[in-house]
Amino acid sequence: MMKKILATLVVVCCMVVGFTSHSTDAATTYTYYKVKKGDSFYKLAKTYKTTISALKSLNHRKSDVLVAGETIKVPRLAKTQAVKQAAEPVAKKPKFSIRVEERKLMAQLVHAETGFSEPFAGKVEVALVILNRVKHPGFPNSIKGVIYQKTKSGYAFAPVKTGKLTRIQPTKQDYAAVDKALSLFPNDRRGSLYFYNPKITKDKWMLSRPVTIRIGHHVFAK
């Protein structure tokens with residue numbers, strides 16, 4: 001009788017262990033992750049879409065301490081989601097911020113120099129000229145300073161010289177061009193510092209500058 005009872009218990013235990021093992025494996029399909037400086041169970045749980053307690057249980061941990069360089073287990077299925085999220089593009093914030101009045105001033109100059117005849121790319125490049133000058137040691141270090149810079153002939157930009165600039169009401173496209181330029185700055189590779197209409201400009205020095213790009217009626221140079 002005792003032997004039958006023991007035999008029955010052994011069978012039941014094996015069934016329980018087998019079921020538990022199968023359930024655990026299905027619930028904790030994992031891969032390995034090398035801990036980096038700054039990692040925590042909270043951060044990793046958030047990244048891999050699991051819980052702190054689940055991560056600790058998977059790694060048989062009671063302590064909250066993680067050591068950079070050690071390898072721990074993380075859920076495999078969640079990792080696929082984490083990699084997918086990491087691959088998704090994140091909206092970039094402008095690296096160079098300006099005040100509201102500076103944005104309007106730039107948009108006014110963009111409109112004054114391009115009007116409705118130049119393509120959007122040309123408007124963006126004019127805005128980049130202003131920003132590139134602010135960064136360049138050979139020009140004033142502010143947007144207003146660049147736009148109102150005085151020269152031997154009066155001012156650096158003709159619309160300022162004629163007084164036309166302050167009367168201009170920029171369009172949505174002019175503002176959009178300024179915003180686009182801000183998103184590209186200061187990593188703009190062309191580095192345009194000047195622009196001119198080759199059919200109008202006779203200045204030999206300006207015509208001798210290295211051309212960066214031609215857009216619409218304008219030649220941009222540095």
Side-chain angles (χ1 to χ4, degrees), residues 38 83 85-222:
V83 171
Q85 288 180 346
E88 293 177 355
V90 179
K92 293 184 177 180
K93 295 181 180 180
K95 296 179 180 179
F96 183 79
S97 60
I98 60 176
R99 297 192 298 273
V100 174
E101 58 269 26
E102 291 175 322
R103 181 171 177 261
K104 180 180 179 180
L105 186 59
M106 283 185 67
Q108 284 178 310
L109 184 66
V110 166
H111 187 84
E113 294 287 4
T114 61
F116 296 98
S117 62
E118 297 299 317
F120 182 72
K123 290 177 177 289
V124 174
E125 198 68 20
V126 168
L128 279 171
V129 165
I130 300 170
L131 295 174
N132 287 333
R133 288 192 179 191
V134 172
K135 184 177 68 172
H136 196 281
F139 297 90
N141 60 0
S142 69
I143 290 172
K144 185 175 182 180
V146 164
I147 293 177
Y148 284 98
Q149 183 181 14
K150 291 184 177 181
T151 63
K152 292 180 180 179
S153 60
Y155 290 93
F157 297 98
V160 177
K161 184 178 180 180
T162 60
K164 175 184 176 182
L165 185 67
T166 56
R167 300 193 299 271
I168 288 177
Q169 292 299 321
T171 65
K172 289 183 178 179
Q173 192 177 45
D174 297 320
Y175 279 114
V178 172
D179 294 339
K180 179 65 177 178
L182 285 168
S183 71
L184 296 172
F185 185 80
N187 297 321
D188 168 43
R189 294 182 179 181
R190 284 190 290 272
S192 300
L193 292 171
Y194 310 96
F195 62 91
Y196 58 89
N197 187 327
K199 293 184 178 179
I200 298 174
T201 300
K202 303 298 180 183
D203 188 296
K204 291 183 179 180
W205 182 85
M206 182 64 73
L207 294 172
S208 70
R209 306 308 301 166
V211 174
T212 57
I213 193 171
R214 298 172 187 271
I215 306 176
H217 298 91
H218 285 143
V219 173
F220 293 85
K222 62 180 179 181

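None of the values given here were measured: they were computed from a predicted structure.
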Show the numbers, then the answer: is there a side chain to side chain contact (heavy atoms under 4.5 Å, CB included) between V146 and F157? CA-CA 9 Å; V146 164; F157 297 98; 4.2 Å; yes
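- Using a distance-only test at 3.5 Å, with no hydrogens or angles considered, a donor-acceptor pair links the side chain of T162 to the main chain of P159.
- Of all heavy-atom pairs spanning A221 and T212, the tightest one is N-OG1, 3.7 Å.
- Judged by distance alone, the side chain of Q149 and the main-chain N or O of A156 form no donor-acceptor pair under 3.5 Å.
- Counting heavy atoms from C-beta outward, Y175 and K104 have side chains that approach closer than 4.5 Å.
- More than 12 heavy atoms of other shown residues, nucleotides or ligands fall within 6.0 angstrom of atom NZ in K135.
- Shown here for S142 and G145, the closest heavy-atom pair between the two residues is OG-N, 3.0 Å.
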Taking it one step at a time, do D188 and L131 satisfy side chain to side chain contact (heavy atoms under 4.5 Å, CB included)? CA-CA 10 Å; D188 168 43; L131 295 174; over 6 Å; no
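- Using the six-membered ring where Trp is involved, F220 and F195 have ring planes that are tilted, between 30° and 60° apart.
- The nearest pair of heavy atoms linking I168 to H111 is CG2-CD2, 3.7 Å.
- The CD1 atom of I130 sits 12.0 Å away from the CG atom of L193 when rounded to the nearest 0.5 Å.
- Formation of a donor-acceptor pair under 3.5 Å by the K161 side chain with backbone atoms of S153 is found in this model.
- In this structure, I147 CD1 and L165 CG are separated by 6.5 Å, a value rounded to the nearest 0.5 Å.
- Atom-to-atom distance recorded for I215:CD1 and F120:CZ is 11.0 Å, nearest 0.5 angstrom.
- Atom CZ of R103 is separated from atom CD1 of I143 by 11.5 Å, given to the nearest 0.5 angstrom.
- R209 places a side-chain N or O within 3.5 Å of a backbone atom of K222 that can act as its donor or acceptor partner.
- One N or O on the side chain of N132 and one on the backbone of S192 form a donor-acceptor pair closer than 3.5 Å.
- Counted by atom type alone, T114 and K123 present one or more donor-acceptor pairs between their side chains at under 3.5 Å.
- In this structure the side chain of E125 never reaches within 4.5 angstrom of the side chain of H218, judged on heavy atoms.
- Atom CG of N197 sits about 7.5 Å away from atom CD of E118, to the nearest 0.5 Å.
- Between the NZ atom of K164 and the CD atom of E113 there is a distance of 8.0 Å, given to the nearest 0.5 Å.
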